[in-house]
K.L.:
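Please read through the structure below; I'll follow up with questions.
When reading the values below, keep in mind they use all heavy atoms of this one structure, side chains included, and skip hydrogens, waters and symmetry mates.
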Amino acid sequence: MFRNRNWFGRNVLKPKNVHSLDHLKHLYTVLSKNQNVSESNRGLLVETLRSIAEILIWGDQNDSSVFDFFLEKNMLSFFLKILKQKCGSYVCVQLLQTLNILFENIRNETSLYYLLSNNHVNSIIVHKFDFSDEEVMAYYISFLKTLSLKLNCHTVHFFYNEHTNDFPLYTEAIKFFNHSETMVRIAVRTLTLNVYRVDDKSMLQFIRDKTAAPYFSNLVWFIGNHVLELDTCVHNDMNQLSGRTRLSDLVAEHLDHLHYLNDIVCLNIEDLNVVLIEHLLNKLLIPLYIMSLLPAKNFLNSVQKEKQISISASLSLFLLSQVFIIINERHLVQPLANILLKGSPAALKKQENSSSTSSPSFVCKNLKNSEEVTDEPSDNSLASFLQNRNVVFNSESVDQVNHLVDSSAFSLNITDEEKEQRLAQDIIVKSGSFLEAIFVHLRCKENDYSVLFSLCLLYAIHSNDGIEKSSLKAFLSPGGSDSEIKYNVSFIENLIQIISVGCQQGCRVRLVTLELAIELLKKLVLIDSKSILLDEHFAAIIGTKEESTSLLRTFYKNEDIFLDTFEDEYYDIKKRPLKVAWLMMDSNLLLQPTNTPMTGVEFSKRLPCGEVERVRRAIRVFLLIRDLVLTLSEERESQLPLTDRTTCIPVGTSLDLNNSDLITCTVLSKDGSKTRRFLAMDQNQLILVEPHSRLLGWGITRMAGFLQDIEVTGDKGESNCLHVKIHHTNTGSAFSAKFLFDDHIRCMAAKQKLVKGRLKARKEKMVQIAKLLDIPVGKQATVTPYNMLSARHQSASSVLYGSCYKTPISVSKTLAKVGSSIKYQYVSDTLSDSNKNTPSTSCESSPKMNRLSQVEELQLFNIPAGGLTSVTRDSLQNETSQVQIAESSCSNFSGIEADLGESQINGDDSAGNVKTV
């Protein structure tokens with residue numbers, strides 16, 4: 001009884017309504033009585049802190065008196081008192097979580113100003129937390145990021161003190177720019193971007209003068225060390241899953257760095273951009289990325305002389321491609337493109353010797369820890385560089401390692417004697433330009449490993465909006481504006497050579513390389529959709545088309561899988577065009593080209609494995625080069641796709657079914673539903689309709705699909721049942737169901753109708769492919785079939801001949817319906833003498849096929865002087881004169897090839913419909 005009334009216990013004064021001012025007063029009382037943290041009250045303090053955040057958020061939206069009481073009692077001071085004690089991570093985590101929730105959910109600006117007014121937040125920011133605890137680190141950096149989201153022109157003054165030049169929110173956060181945890185690094189980048197977006201001149205000037213140089217300098221060093229780790233990872237054995245996972249993480253991290261740098265330069269803060277671009281060009285991009293394109297040479301660090309400060313040329317091409325794809329800032333990509341397209345090591349060396357600026361260099365150093373960001377004075381060499389757009393560069397070894405003088409100064413000491421020693425070093429540098437070094441990697445040697453990266457780099461440079469088109473003449477029109485040739489002949493010939501090699505059987509050029517070479521060729525030679533390609537170069541491309549056609553012709557097979565593969569590859573090319581930006585995100589490209597699908601690499605990015613994949617590759621090569629030729633010829637595609645799927649009858653279309661052949665059936669779906677439908681057939685489509693509710697003799701389409709995509713199988717248990725699967729329908733998805741007919745007669749009629757329609761539709765598509773490959777349609781039988789079904793029909797074809805006329809007498813209807821072309825040979829000198837003296841031959845006197853009746857012997861072939869003529873058996877018996885003419889005309893023939901299709905045997909029988917019983 002007493003327990004229910006709660007007469008005893010410490011919670012006797014706790015209000016019943018937790019969302020009220022009285023509850024906050026109760027929490028204040030609890031904090032006042034428990035200012036010293038101990039083991040006994042630690043749990044109570046954690047629960048109190050959690051409740052304070054909850055009541056403050058409620059009061060911000062419902063009752064302003066709650067915040068008034070919180071500020072009146074200065075309750076944030078209790079938070080500071082708790083932090084200053086050794087309360088342990090348990091209480092610190094809850095306190096940081098409470099502050100994070102509070103600032104994240106507060107909406108009233110007045111309440112926010114009140115919270116920030118007493119400078120308690122800055123005191124919490126600079127508090128020395130135990131960052132060895134991962135949970136404390138996570139909540140702390142999340143708290144700083146939440147505060148940065150509240151920054152604007154008004155709130156920034158609560159964090160930045162202009163009189164003392166103090167900005168703890170920013171300076172404390174950038175200490176963790178290279179933290180081992182990815183989440184922490186991302187939070188720091190987000191915070192810095194939020195700070196840079198605030199339009200406050202005094203704050204930006206503080207960042208420019210005090211923190212920009214050391215922060216950007218250390219950021220560049222961190223990216224450079226990350227790239228060296230990536231280079232080491234590429235050279236290691238990547239067969240193990242852990243190694244490939246690490247490679248993928250490193251590539252993703254480099255992309256994050258580039259996107260972060262691009263976000264900074266896109267803010268268009270001139271002072272920050274000058275410092276950032278200077279460090280990127282002179283400390284990272286030129287010495288580490290560009291110089292690695294040259295033949296192997298050592299950049300020796302003066303401290304670690306055995307360590308090479310360079311990366312592989314292929315990785316350099318890969319990383320530079322990412323730079324030009326992601327960053328479009330003119331002041332950064334323009335000078336970088338000028339060096340790659342116009343510069344050379346010799347010219348840059350000569351220019352550096354006549355300049356007083358220090359040579360760009362990358363020095364691999366180890367940062368002490370995540371809490372130290374050194375300071376480095378920035379020179380003004382970039383200002384003149386941005387005006388002249390000409391980078392001063394030295395191709396010799398790197399400068400001496402920078403030494404930390406103190407925590408706020410980072411100076412570079414280079415004596416004249418040391419400079420002369422560097423100039424005297426014997427480093428072999430190729431006399432050619434950087435563009436020539438890129439062109440060297442366009443040559444297919446063992447495989448297309450470096451070729452793909454060179455194409456990606458040139459494609460990215462050409463597509464970058466920050467580069468002036470006039471500066472691209474280095475590889476577009478080197479002959480000048482007066483030259484008749486408007487493109488780089490050597491470059492175009494390299495591209496054509498890549499395309500030509502890709503058409504060869506057994507080549508080691510991947511599909512993605514071939515497609516990228518074609519896309520780059522289009523960009524270079526098409527001006528306003530008109531080709532400026534020279535005749536000899538266009539003739540070379542026509543030659544590659546013939547090579548691709550010849551390659552695919554060797555794989556041409558008269559079977560279903562070839563037709564399905566051809567159409568699948570065509571639609572795959574149209575649905576998924578090449579995107580270089582996505583391509584450069586794939587870390588698998590840094591692995592040597594492989595041909596096994598077990599690596600998980602996409603088919604277009606590896607070599608084919610097995611016969612099926614070689615057929616797929618040949619089809620795609622043919623389609624890509626055919627599209628290139630049509631584009632250069634300014635012609636429109638008129639033969640592809642083989643099937644226009646847009647012509648499929650839409651759902652809900654009303655059809656006039658009067659005088660149409662219909663079969664009633666019940667459609668059993670996989671979900672168990674039963675629907676009564678009428679099955680109708682168009683020339684090339686299967687249609688399921690239901691009767692129209694208002695128009696007699698009309699129906700409404702509920703499903704339609706092409707006959708060529710149908711698979712029909714019978715049911716052994718039920719003679720009146722068919723299993724029908726359609727791979728492409730008007731609903732956009734595959735259709736699979738069970739068709740139940742009224743009796744087995746209707747079931748057999750429907751199956752015959754569907755099978756014959758499918759065979760005819762697929763044969764028409766194969767004829768279209770044959771025309772594309774320049775295979776004569778009338779001589780398709782000369783192409784060796786690849787399936788065993790045709791071979792079995794050929795061996796079973798017992799064609800009976802007359803005496804000495806070498807004329808086929810009869811062919812069975814069953815044999816004539818074989819879809820594939822069949823060769824027939826004449827019988828010579830095997831008949832009896834009595835038959836030789838017979839002037840004419842009749843069906844009765846000729847030998848018969850044992851398994852076929854005379855009724856099924858449907859068609860005879862006469863060979864008159866004008867050619868082949870199809871006649872019936874009765875006409876042959878009654879018209880002996882025609883046979884005699886055939887005798888004289890056949891005496892000079894040794895063989896004949898007859899393609900017996902359904903359309904020849906039955907006329908338009910397959911197009912006929914089964915009438916409703």
K.L.:
Quick check: are there more than 12 heavy atoms from other residues, nucleotides or ligands sitting under 6.0 Å from CD of Glu270?
P.N.:
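No, CD of Glu270 has 12 or fewer neighbouring heavy atoms, counting only those of other groups under 6.0 Å.
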
K.L.:
Taking everything shown except Met585 itself, do over 12 heavy atoms lie less than 6.0 Å from its CE?
P.N.:
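No, not enclosed.
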
K.L.:
Determine whether Tyr114 and Phe67 satisfy the following criterion, ring pair (Phe, Tyr, Trp, His ring centres under 6.0 Å), listing intermediate values before the conclusion.
P.N.:
CA-CA 9 Å; Tyr114 285 159; Phe67 247 97; 7.8 Å; no

K.L.:
So does Ile311 get a backbone contact from the side chain of Ser292, meaning a donor-acceptor N/O pair under 3.5 Å?
P.N.:
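Pair found, side chain donor or acceptor close to backbone of Ile311.
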
K.L.:
Looking at Tyr170 versus Tyr160, is the centre-to-centre ring distance below 6.0 Å?
P.N.:
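Distance test on ring centres: not under 6.0 Å, no.
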
K.L.:
Between Tyr459 and Ile325, is there a side-chain heavy-atom distance shorter than 4.5 Å?
P.N.:
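A side-chain contact under 4.5 Å is absent here.
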
K.L.:
Do the rings of His127 and Phe129 sit parallel, tilted or perpendicular, given the 30° and 60° boundaries?
P.N.:
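It falls in the perpendicular class, over 60°.
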
K.L.:
Can we call the ring centroids of Phe131 and Phe176 under 6.0 Å apart?
P.N.:
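Here the rings of Phe176 and Phe131 have centres that are less than 6.0 Å from each other.
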
K.L.:
When you look at Asn273 and Asn268, which way does the side chain to side chain donor-acceptor pair (under 3.5 Å) test go after all the steps?
P.N.:
CA-CA 7 Å; Asn273 286 355; Asn268 295 323; 4.8 Å; no

K.L.:
Run the side chain to side chain donor-acceptor pair (under 3.5 Å) test against Asp166 and tell me which residues pass, sequence neighbours left out.
P.N.:
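So Asp166 forms no side chain to side chain donor-acceptor pair (under 3.5 Å) with any residue.
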
K.L.:
Quick check against the 3.5 Å criterion: does Asn328 have a side-chain atom that pairs as donor or acceptor with the backbone of Val333?
P.N.:
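The answer is no, because no donor-acceptor pair under 3.5 Å joins these two groups.
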
K.L.:
Is the shortest heavy-atom distance from the side chain of Asn218 to the side chain of Asn178 under 4.5 Å?
P.N.:
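A side-chain contact under 4.5 Å is absent here.
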
K.L.:
Is there a donor-acceptor pair closer than 3.5 Å between any side-chain N or O of Thr171 and the backbone N or O of Phe167?
P.N.:
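Indeed, once roles are kept as given, a pair shorter than 3.5 Å links the two residues.
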
K.L.:
Who pairs with Arg197 by salt bridge (charged side-chain N to carboxylate O under 4.0 Å, His left out), at least two apart in sequence or on another chain?
P.N.:
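So Arg197 forms no salt bridge (charged side-chain N to carboxylate O under 4.0 Å, His left out) with any residue.
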
K.L.:
Check the orientation of Phe222 and His226. Use parallel for under 30°, tilted for 30 to 60°, and perpendicular for over 60°.
P.N.:
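Phe222 and His226: tilted rings.
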
K.L.:
Heavy atoms, side chains only, cut-off 4.5 Å: are Phe158 and Leu112 in contact?
P.N.:
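With C-beta onward as the side chain, the pair stays apart.
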
K.L.:
More than 12 heavy atoms of other residues, nucleotides or ligands under 6.0 Å from CD of Glu109: yes or no?
P.N.:
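Count not over threshold, so no.
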
K.L.:
Should Ile223 and Tyr260 count as side-chain neighbours, where that means a heavy-atom distance under 4.5 Å?
P.N.:
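They are not in contact (no side-chain heavy atoms under 4.5 Å apart), so the answer is no.
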
K.L.:
Distance-only, no hydrogens or angles: does the Asn194 side chain make a donor-acceptor pair with backbone N or O of Thr190 under 3.5 Å?
P.N.:
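Yes, because the side chain of Asn194 sits within donor-acceptor range (under 3.5 Å) of the backbone of Thr190.
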
K.L.:
Of all heavy-atom pairs between Asn262 and Val265, which one has the smallest distance, and what is that distance?
P.N.:
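Minimum heavy-atom contact is O-CG2, 3.2 Å.
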
K.L.:
Around Glu134, counting heavy atoms of other residues, nucleotides and ligands shown, do more than 12 lie under 6.0 Å from its CD?
P.N.:
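Incorrect, the count does not exceed 12.
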
K.L.:
Check whether Tyr140 reaches the backbone of Ile125 with its side chain - one donor and one acceptor, N or O, closer than 3.5 Å.
P.N.:
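Such a contact is found between Tyr140 side chain and Ile125 backbone.
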
K.L.:
Could you check His259, His254, His257 and say which one makes a side chain to side chain donor-acceptor pair (under 3.5 Å) with Gln322?
P.N.:
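The residue from His259, His254, His257 that satisfies side chain to side chain donor-acceptor pair (under 3.5 Å) with Gln322 turns out to be His254.
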
K.L.:
Below 4.5 Å, heavy atoms only, C-beta onward: do Leu293 and Leu320 meet side chain to side chain?
P.N.:
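SC-SC contact between Leu293 and Leu320 confirmed.
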
K.L.:
Whether the side chain of Lys469 engages the backbone of His462 through a donor-acceptor N/O pair (distance < 3.5 Å, no angle test) should be reported.
P.N.:
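Such a contact is found between Lys469 side chain and His462 backbone.
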
K.L.:
Going by side chain to side chain donor-acceptor pair (under 3.5 Å), Ser65 matches just one of Asp68, Asn62, Asp63. Which one?
P.N.:
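Testing each of Asp68, Asn62, Asp63 against Ser65, the sole residue satisfying side chain to side chain donor-acceptor pair (under 3.5 Å) is Asp63.
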
K.L.:
Donor-acceptor pair, Asn108 side chain versus Thr110 backbone, under 3.5 Å?
P.N.:
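At least one qualifying donor-acceptor pair exists.
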
K.L.:
Where the side chain of Asn100 meets the backbone of Leu96, is there a donor-acceptor pair that is under 3.5 Å apart?
P.N.:
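Side chain of Asn100 to backbone of Leu96, a donor-acceptor pair under 3.5 Å: no, none is there.
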
K.L.:
Would you confirm whether Asp60, through its side chain, and Arg107, through its main-chain N or O, come within 3.5 Å as a donor-acceptor pair?
P.N.:
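Here the side-chain-to-backbone pair exists.
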
K.L.:
Where the side chain of Glu468 meets the backbone of Gln334, is there a donor-acceptor pair that is under 3.5 Å apart?
P.N.:
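Looks like no, no N/O pair under 3.5 Å.
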
K.L.:
Examine the side chains of Thr182 and Arg185 and answer whether a donor and an acceptor come within less than 3.5 Å of each other.
P.N.:
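On atom types as modelled, these side chains qualify, holding a pair under 3.5 Å.
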
K.L.:
Output every pair passing salt bridge (Lys or Arg N to Asp or Glu O under 4.0 Å) with a member in residues 212-229, not counting sequence neighbours, ordered by first then second residue.
P.N.:
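Found Glu229-Arg246.
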
